[in-house]
Each structure stands twice: as structure tokens, then as C-alpha cells.
Amino acid sequence: MDKENKPIISSDGISILESVENLPNLLEQVSDCIYITDLERRIIFWNTACEKVTGYKAKEVLDKRCADDVLNHIDMAGNKICSTNLCPLYRAMAAGQSSEQPLIVKALHKNGSRIVVEVSVAPIRNKQGTVVGGMEIFRDISEKVDLEEQKARFFSALSHELKTPLTSMQGYLDLLLAGDAGDLNDIQKEFITTIHNQEQKLAGTIDELLEMARFESTDFSYESNLFDLSLTLENLANSFRADAAAKKLDYSVNIIPGLKMLGDRERLAQAFGNLISNAIKYTEKGFVSIEADYNRKNDMIRVAVSDSGIGIPEEDHKAVFEMFYRVENPGTRSKGGTGVGLYIVDRIVQRHNGMVELNSSPGKGSVFTVYLPGQNTEKKE
Amino acid sequence: MEKQKLILIAEDDPSVNRLITFKLGKEGFKVRSTSDGKEALKAALEEDIDAAIIDVMMPFLDGIQVLKRIRAEKPQLPVIILTVKSRGEDIHKALELGADQYMTKPFQTAELVKSLKSLLGEL
């Protein structure tokens with residue numbers, strides 16, 4: 001059924017709604033902050049929750065523009081959103097569409113401080129279907145964000161505590177196996193190789209568990225900042241150069257400079273990091289390549305991570321993006337790990353309104369292609 | 001014979017510190033071992049070192065601060081950041097501040113040696 005024509009109120013509902021004295025009264029009472037503007041983003045409605053969270057009384061803000069130092073949203077990195085074409089309300093009214101994902105921004109409190117709020121917006125239409133205004137709903141999530149930061153600090157400390165002993169173990173085993181501490185006899189070599197392999201498995205599992213913990217603890221909030229994806233990818237690609245070199249892989253990086261997008265840079269770095277590290281992990285010889293370019297026609301950024309590794313059979317193409325794919329299917333791949341990496345990739349890309357495509361077959365390598373909406377600052381023809 | 005190159009190691013974990021010191025010694029380097037950020041910075045600025053391998057989470061001064069201060073005075077000194085921190089943001093920051101190489105722990109000792117030699121133009 002066409003979304004536009006979908007009935008949203010049952011016939012019973014209409015009679016209930018008719019008995020509601022007036023809608024503004026109802027909107028007054030809810031605990032989420034709700035305000036309504038006209039097309040110029042002049043505030044025409046401001047509920048009690050807005051008053052509580054921002055410190056501004058309705059009478060102080062009515063007829064003002066939300067940009068006139070009332071909310072004055074900035075993104076989490078401090079960049080201006082208000083009065084730019086990134087303003088969620090402006091976008092919703094211009095596109096005639098409500099926001100797909102709630103946005104995390106910082107709103108201004110009357111006392112000058114900034115409150116972290118989760119915002120969703122919708123255009124308001126008259127009976128003829130013309131957009132005549134917009135509604136923004138937001139809630140204060142400062143406490144949630146504090147908790148998130150505490151969790152992130154905890155996981156960072158935990159990660160340090162787990163990885164430092166592993167670093168020593170791997171390092172000394174490396175030295176023993178390289179003969180740096182004297183020659184080993186065959187049995188000693190065999191045993192130490194076994195310890196080394198098991199240590200590597202453990203390290204892989206710990207990596208994935210930490211990754212999952214980090215992902216889950218912050219999954220609810222995505223930042224939305226304008227950033228240079230090319231730079232992020234270049235740095236990321238460089239940080240894996242040593243790993244690729246260790247396996248003597250042909251490692252090529254072709255990234256068009258200046259690819260700008262709107263999103264959570266850290267999250268996307270996590271996603272692309274997973275793709276690159278997988279490509280290297282599952283390729284014993286040949287190449288790993290990272291490419292990024294931009295399609296002006298549909299304003300989409302394309303990032304492809306290709307390898308000449310073991311590949312994935314067609315019947316598993318969907319399943320690899322499911323959580324714990326490998327845990328539930330032991331032996332699917334020879335390397336250890338729990339299989340959360342691609343689930344995280346898919347999830348992060350989807351949250352950026354993008355998609356992941358997989359081309360692969362056993363023995364022929366894999367190509368993971370990620371498409372993400374661009375944010376071209378140049379005018380499009 | 002060429003003069004032995006002097007490598008600064010800044011690593012607070014004693015066993016990792018000894019590991020790197022031992023391996024670099026085997027590879028023919030001289031090592032100046034330090035175990036906190038302050039001591040590392042002092043050595044980096046005052047002593048005639050040829051390269052530095054720096055951990056991030058260290059007492060008194062973290063490795064990123066050490067890197068920043070080194071870059072202000074010795075822009076050409078090869079610096080490898082060696083850390084458990086593997087978030088994109090951490091890598092980005094270190095490289096932006098002028099680290100020549102970013103390696104995450106656990107690491108392969110052979111790779112560390114290779115990176116170091118390549119930064120010193122020995123490969």
C-alpha cells in the first residue's frame with residue numbers, strides 16, 4: 001500500500017480524536033519536548049517540556065525563530081547546524097519528509113550551557129497537502145550520553161588491561177620462535193608454536209568481544225558531523241599497511257581526495273576498519289585493495305574493499321552479516337573469532353542510510369562495496 | 001662500521017619494555033629505555049636519538065603529548081606510536097600530529113623492526 005495513503009487512525013480512533021478538546025492541549029502534556037514552526041522556522045508552539053529542558057518560557061520564544069539564539073543547534077563536534085541547510089527542520093520542510101533516524105545534536109539552554117538532545121522532525125501539511133510548517137520533537141539525553149562516556153572509558157581501560165599481557169605473551173613467543181633466545185629443538189618449537197597459535201586465537205576473540213561491547217554500548221547514539229571521509233580512509237588504510245606487509249600482500253589504496261559526508265566519523269572508521277582487517281586476515285596471498293570514489297549523478301560515495309582471499313560461498317552471503325555467524329557455524333572459516341565484525345559494518349552503514357554489497361565466491365576473493373550518501377559542497381549541475 | 005643507531009623506547013609496562021629492548025638489541029640498535037612520558041620527553045629532546053617508539057597510555061604524560069612536544073622541536077625525528085588503542089579517532093589524531101607509523105598491540109616484533117628500519121632508511 002502506498003505510504004501516503006495509509007490510514008493512520010481507525011474509525012474508532014477518529015471519534016476518540018474528535019473528543020480530544022484540542023491537539024495543542026495534548027501536546028502540552030507529553031514529556032517529550034515539542035515545538036512547531038512556520039515555514040520561516042518562527043516558533044508558533046512550544047510545550048511545557050520545552051520550557052523545562054531549555055529554560056525558555058513559551059512567551060519568551062513565540063514568534064522568534066529557533067535560530068534566534070533559542071535552540072541554535074550545533075553538532076556534537078560543535079559545528080553550526082542551525083541556519084544552514086543541515087538544519088533538520090529545514091531539511092524536513094524542504095523535502096516534505098520526516099527524519100528517518102533521530103539526530104543527536106546540542107541545543108542551547110537559556111543559561112548558555114549546551115544540552116545533548118535527540119531530535120526528530122516532521123513537516124506539517126495543510127489539507128491540500130502543501131507543507132506549511134514543521135514540528136520538532138526532542139528529548140534531553142545528556143545523562144544517557146554521560147553514561148555512554150563512562151562505559152567507553154571503562155571499555156578502554158579493560159581493553160588496555162587485557163591487551164597488555166597478550167602483547168607480552170605474543171612478543172616473547174615471537175622471540176623464542178625467531179631463535180632470538182637461542183635454538184629450540186623440534187619438540188620445543190612444536191609446543192611453542194601451539195601456544196603461539198592459541199594466543200593468537202584468544203587475541204582475536206578478545207578483539208571482537210571488545211569491539212562488540214564498544215558497539216553495543218554506544219549504538220543508540222550516532223553523531224552527525226560533516227567530515228572528510230577521504231582523510232579518514234587514508235589514515236585508516238595506512239594503519240593497516242604493516243599488517244598487509246607482514247603477509248607480503250600487494251596492498252593498494254586509491255581514494256579520491258575530498259569526499260565529504262555527513263555522519264559519525266568514528267563509527268564509519270570502525271566499519272571500514274573491520275572490512276580492511278577482514279580482507280587482510282582471510283587473504284594468504286595476492287592483494288588487498290581499498291578504493292573510494294564518488295558518483296555525482298546520485299550523490300553517492302562508493303568505497304570498495306577487495307581481496308584475493310578465501311572468498312565466501314553464495315549461500316552464505318546474507319548470513320555473514322548476521323550477528324555471531326561464525327560462532328554458530330564453527331569451522332566455516334579457519335580463523336578464530338566470533339563473527340561480529342560484518343554485523344557491525346552492516347549496522348553502521350545502514351544507520352548512515354547506506355548499503356553494503358558483497359561479491360564473492362570461494363577461491364575467487366571478495367569485494368565488499370559500501371555506498372554512502374555524499375554531501376557534496378559544490379553545486380550540482 | 002656505521003655508528004650504532006640510538007632508539008628511544010617509551011613504555012611503562014616492564015615486560016613489553018624489556019621485550020622491545022631485547023629485540024632491538026639483537027638487531028644491532030642501541031636502546032634508551034624509559035618508562036613514563038616525562039622521562040621519555042626529556043630523553044627525546046636532550047639526547048641524540050635517531051628514532052623513538054612511544055606507547056600512548058603512560059604515567060605523567062601520555063604518548064600523544066610526548067609526540068606533540070617532540071614534533072615542535074624535532075620535526076624530522078622518526079616516531080612510531082605503539083599502543084593498544086585501535087579506535088579510528090586515536091589513529092587519526094596520532095597521524096595528524098605527525099607520527100610516522102601507528103602500530104597496535106599486540107604486535108609482531110619482526111614488523112616493528114621492519115617499520116623502524118624502513119623509517120631509518122635501512123631497508
Side-chain angles (χ1 to χ4, degrees), chain A residues 152 155-181 196 199-200 202-204 206-207 210-211 214 227-228 231-247 264-274 277, chain B residues 9 11-29 35 53 55-59 62-63 80-119 123:
Chain A
F155 284 122
S156 163
L158 184 66
S159 164
H160 187 260
E161 291 312 303
L162 288 169
K163 285 186 179 174
T164 303
L166 277 175
T167 304
S168 278
M169 285 158 69
Q170 175 174 331
Y172 285 103
L173 290 168
D174 272 359
L175 294 185
L176 287 170
L177 286 171
D180 284 333
H196 191 255
E199 181 274 333
Q200 298 264 297
L202 181 62
I206 287 178
D207 258 353
L210 288 171
E211 171 120 3
R214 192 174 106 202
F227 73 98
D228 188 330
L231 214 61
T232 305
L233 286 172
E234 283 285 353
N235 283 339
L236 198 63
N238 281 335
S239 72
F240 283 102
R241 212 169 268 285
D243 295 338
K247 297 180 81 173
D264 192 318
R265 180 168 82 170
E266 177 54 33
R267 282 320 178 71
L268 285 163
Q270 187 182 9
F272 288 116
N274 283 353
S277 104
Chain B
I9 294 172
E11 169 62 66
D12 63 329
D13 183 83
S15 85
V16 179
N17 192 314
R18 155 119 169 98
L19 167 73
I20 303 171
T21 305
F22 181 88
K23 181 68 180 176
L24 295 190
K26 278 269 165 198
E27 295 289 331
F29 293 104
S35 55
I53 297 170
D55 181 25
V56 172
M57 289 153 101
M58 284 187 295
D62 77 43
I80 297 174
I81 295 289
L82 182 63
T83 171
V84 294
K85 293 183 143 208
S86 58
R87 293 166 69 233
E89 208 65 9
D90 297 319
I91 298 170
H92 194 80
K93 198 167 157 199
L95 294 176
E96 230 169 42
L97 286 172
D100 296 286
Q101 178 77 256
Y102 192 97
M103 289 184 85
T104 52
K105 294 176 186 169
F107 62 98
Q108 292 186 327
T109 45
E111 272 317 302
L112 178 66
V113 170
K114 220 162 117 190
S115 292
L116 180 64
K117 284 186 174 170
S118 114
L119 287 175
L123 280 184

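Owing to the predicted nature of the structure, the values given are computational and were not obtained by experimental measurement. The sequence lines fix the lettering, A, B, ..., with proteins before strands; numbering per chain opens at 1.
Contacts of B/Lys26 with chain A are made by side-chain atoms alone, with heavy-atom separations under 4.5 Å and no backbone atom involved. Heavy atoms of B/Leu95 lying under 4.5 Å from chain A belong exclusively to its side chain. Only the side chain of B/Glu111 has a heavy atom closer than 4.5 Å to any heavy atom of chain A.
Of the residues considered (A/Leu210, A/Leu231, A/Leu268), A/Leu231 shows the highest number of contacts with chain B, using heavy-atom pairs under 4.5 Å. Note on B/Thr109, B/Thr83, B/Asp13: by heavy-atom pairs under 4.5 Å with chain A, the leading option is B/Thr109.
Every residue meeting the side chain to side chain contact (heavy atoms under 4.5 Å, CB included) condition with B/Glu27, not counting sequence neighbours, appears here in chain and number order: B/Lys23, B/Phe29, B/Val113, B/Lys117.
Of the possible polar contacts, none joining the B/Tyr102 side chain to the A/Asn235 backbone as a donor-acceptor pair under 3.5 Å is found.
The minimum heavy-atom distance linking A/Leu236 with A/Phe272 is given by the pair CD2-CB, 3.6 Å. Here the closest heavy-atom approach between residue B/Ser35 and residue B/Pro59 is recorded as O-CD, 4.0 Å.
Applying the salt bridge (Lys or Arg N to Asp or Glu O under 4.0 Å) test to every pair with at least one member in residues 158-178 of chain A, sequence neighbours left out, gives these pairs: A/Lys163-A/Asp207.
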